[in-house]
Amino acid sequence: MSRIPFAIRIEGRYSFRRRIHFRNIISKPLTLALQTADPGAARERVAILSARFVIVRADVKTMLEGQRNLTGIEIEAIFRRELEQQLGSWLSAAYENAPWSSSVTEEAARHGEAYRQLRLPDPRYEMDPCEVARLDAAANSAQGVKELTPEWARPLVDQIRDALSDEYVSAALKAIGATPSESNIAAARTHMIRAGASASARAQRVFDEHVLEAADPMRAMMADLGELSAEVRALLSKADGIGAAVKHADSPSPTTDCPFAVYDNRQFSEIIDDTLAALKRKKVWKGDLRQQRMILQCFAWMTGDRELGSYDHRDVETYVQRLLQIPARGFRFGTLEKGNMSRPFEEVQKELPKLTPELERSLKTVNRDLSTMSTVAKHLERSAWKPRVPGAVVLDFAAATMTIPAEDTSDLRPAWEKEQLECLFRSPLYCGGGPGKKRLKTDSLSPQVWHDAAYWAPLIWYYTHACREEICGLEIADVVVDHPVPHIHIRDNFTRGRDGEKSGEKRLARRRKIPLHRQLIRLGFLDYVEAVRAEGHVALFPELYLFESKRGGAQFYDRAWRFMFQWIFDRMEVRVNDKGKGPDIHSIRALGSSFYEVDGVNEILRADVMGHARTGTNAKHYSKRIMTEGLEVVLRERLEFIHRYVPEITAHLDPAPIRLLPIDMRSRVGSGRYRKLRSDTGKKRKGC
C-alpha cells in the first residue's frame, strides 16, 4: 500500500497531520481524524485539507507581515501625548486652589510608586513578593513615601492597570495612525506607563519656585525633554484633531480639572452592561435588572452621556433637577438607541408638558433612582471614579436624596375595605359567568366558574396577605399539599427569574411558609393545583408567563385586574388619594395587615406571616420555634392566627368542579360594562 502524504494511521483509521509553526513556539502538530479506513477516501480528504491548510497559512502569513512594529517617532508621540495629558491634570488640580490642591505632591508620589511597580516586567499579574517587601521597607523608612503601604499600593496599581485597557491603548494608536495589533498595544501600554511615571515625578515639583514663576508651568516642567521634532508634532496634531472631532461638546479635556485619579475616556453608556453584570456577580443585585438598567440609561441621557473622567459633583444636581422635570405618567423614555432618550435632553425638554400636582414625580421614586446610582458610584469608585484625594466622595448621590415629610401621604394609595373585596367575590367571575372576555357579565346562557389566576389570585392575596409577584410567580412545587398543614412556600424560583436564574425574593424575610386558609381548601384550590400539575406545567399560573415582554403580575393586571377594579368601582364608592389613584393589588396586603392591628396580637407571628423582618433582640436572635417545636406546630399556630383575625368573606361561594380554559384564554375576564347603543341604531345611513 502506497503512503499517503500528510496522513497517518491510528488503530487502522486515517488521520490528517500537519505541523503549525509559530513565532514563539518551534512547532506544534495538528491532527484531524478523517473518519475512514478506506485509502481512497483518505487520499481524497487529505488532498482537500492540504489545500485548505496552505490557503489558511498564507492568509495568516499575510496578516502577520502587515502588522508593522511602532517606529521611534510613534513611540515618542505616544509618550509625549500621555505625559502632557497626565501632567496637565496634575497642574490643574494643583492650581485650582481646591481643598485637595495642597496634597497634589503627596498624591503624585503615591502614583509614582504605583507606576514604578507597573514598569516592572509583565505588569499584568499580581505584585511581585520582592516588590511588596521593598514597599514595606519604603513605608518604614524615613526617606519613604509618607503612609505608603502595599495595602494602599495594590488597589492603585490595579486601578491604573484597568484604566490602560486594550480599548484605551488602541484608541491612542489609531489617533496617530499606528496599527493596533496585539504586539503594538503591549508596547504602547509600556510607553504610556513610562509617561505616567514621568508625569508623577514631575508633578512632585509643581510647587517649586521656578515652576510657580514660569508663564507656562507645563513647559517649565518638561524643559529637559527638548523641543518636539516636526514629525512628532505632526502626529500629535493629527491625534488632537481626531480627538476634537469625536469628543462630546460638553466633555472637558483630560488636561482640565479631573477629580479622579485616572481620566477614563469611555462614555458612561459603554460601562452600563459591565457594571450591571459586576454588581450581579457580587450579589448586590439579583434577578431581573431591567429597572436598574433603565435608571443607568436615564442618568447617561440626562447628563449628556459623557466620558467618565469628565463627571463631577455638579452632575448629581443636574440629574436630580432633570429627573424632577419628567412627568410621572404619559412619558415614554425609549432607549439610548431609539425614542426620547436617543435625542438630546435639551431638545426633549422643550416638548415636556407643564407639570401639575398629578404629574409630579414621587419623591420616593426619585430617591429610589438616587439610591441605585449611589450603588453604581460606590462600585465605580474602585476603578473609573476612584477619587484623586483618598476618602473623598466626588459624586455623592446619597447626599442628594430628599426628605419626605411625614405628613405627606398624597402618593400613598388607600387600602381596600373588606366590603369592597366581598363585592368582587360576589361578581359573576366567582358566582358564574361567561367564558373568555365575558366572565364579569351576567347574560350568559350557561354561567360557569372558570379556574385560573383571575379566580385564585385575589382569594390567595386576601387570605395570605402576600405580594402580587409572590402569588403570580408561584410554582407547583411551591404549593405543599402532602403535609399535615397544606401551605405555600414563598421563595426564589425559576419562574420569577430570568436567563435560567432563580429570583423573586425582595429580602430574606420574604422567604416564608404560609398555611392555606380553610376557605381556599374548601373552594378546591388543591384540586386546581393537581389539575395544572397534570397538564405538565411548572408555574401555578402558566398563562401569566406566555410572553417575555409582560410577565407575572404585570400580565395579570393587564388581562384581569383592571377590569376587576372597574367592577368594584362601578358598584361601590372607592377612595382615591390626592393624585387620583385608587387602591391597587398591593393594597390588599395593607388590608390584611390591618386585621392584626388590634390588642393582643403576637408581633412575631404577624411579622412571619407578612414576611416582615422581626424587630427586637429576642425576636431576631433567640426565638427559634420552628427548630424547637417543628414546622407542623408552627404552621398550625400560624393557621389559627390567620383564622382568628381575618374575616371570612367567601362563605357564600359554593365549590365548583375545576374547569380550565385553553391556556391562551385563561385570566382574560373582560369588562363587566355593557356597551351603550348608538342613538342612530337601526337607522339606514345615507347612500346605502
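FYI, the numbering just counts along the sequence from 1.
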Does Y455 have its ring centroid less than 6.0 Å away from the ring centroid of W450? no
Could you check if a side-chain atom of L296 sits within less than 4.5 angstrom of a side-chain atom of V376, using non-hydrogen atoms only? yes
Under 3.5 Å, is there a donor-acceptor pair linking the side chains of T318 and D315? no
Less than 6.0 angstrom from the centroid, inside 45 degrees of the normal: does R571 satisfy that with respect to the ring of W567? yes
For E535 and H537, test the side chains for any donor-to-acceptor distance below 3.5 angstrom and give the result as yes or no. yes
Given S671, which of K441, Q566, R562 fulfils the side chain to side chain donor-acceptor pair (under 3.5 Å) condition? Q566
Just checking, any donor-acceptor pair under 3.5 angstrom between side chains of D492 and S503? no
Please list every donor-acceptor pair under 3.5 Å in which a side-chain atom of residues 591-599 meets a protein atom from a residue at least two apart or in another chain.
from	atom 1	to	atom 2	distance (Å)
S593	OG	R606	NH2	3.0
S594	OG	A590	O	2.8
Y596	OH	H465	NE2	2.7

Please examine the side chains of L639 and R636, heavy atoms only from C-beta on, and report whether any two atoms are closer than 4.5 Å. no
Decide whether Y622 and T617 meet the rule of one side-chain donor and one side-chain acceptor closer than 3.5 Å. no
Do T650 and Y463 have side-chain N/O donor and acceptor atoms under 3.5 Å apart? yes
Hey, can you tell me if H483 and H487 have their rings parallel, tilted or perpendicular (30° and 60° cut-offs)? perpendicular
Please report whether the ring centroid of F563 lies less than 6.0 Å from that of F565. no
Can E317 and Q321 be counted as having a side-chain donor-acceptor contact under 3.5 angstrom? yes
Does R575 reach the side chain of P583, with side-chain heavy atoms less than 4.5 Å apart? no
S269-Q297 side chain donor-acceptor pair, cut-off 3.5 Å: no
CA sep, side-chain torsions, deciding dist, call: D584, S587, side chain to side chain donor-acceptor pair (under 3.5 Å): CA-CA 5 Å; D584 57 6; S587 303; 2.9 Å; yes
Heavy-atom check, side chain of Q325 versus side chain of F345, under 4.5 Å: yes
Parallel, tilted or perpendicular for Y319 and F397, by the 30°/60° rule? perpendicular
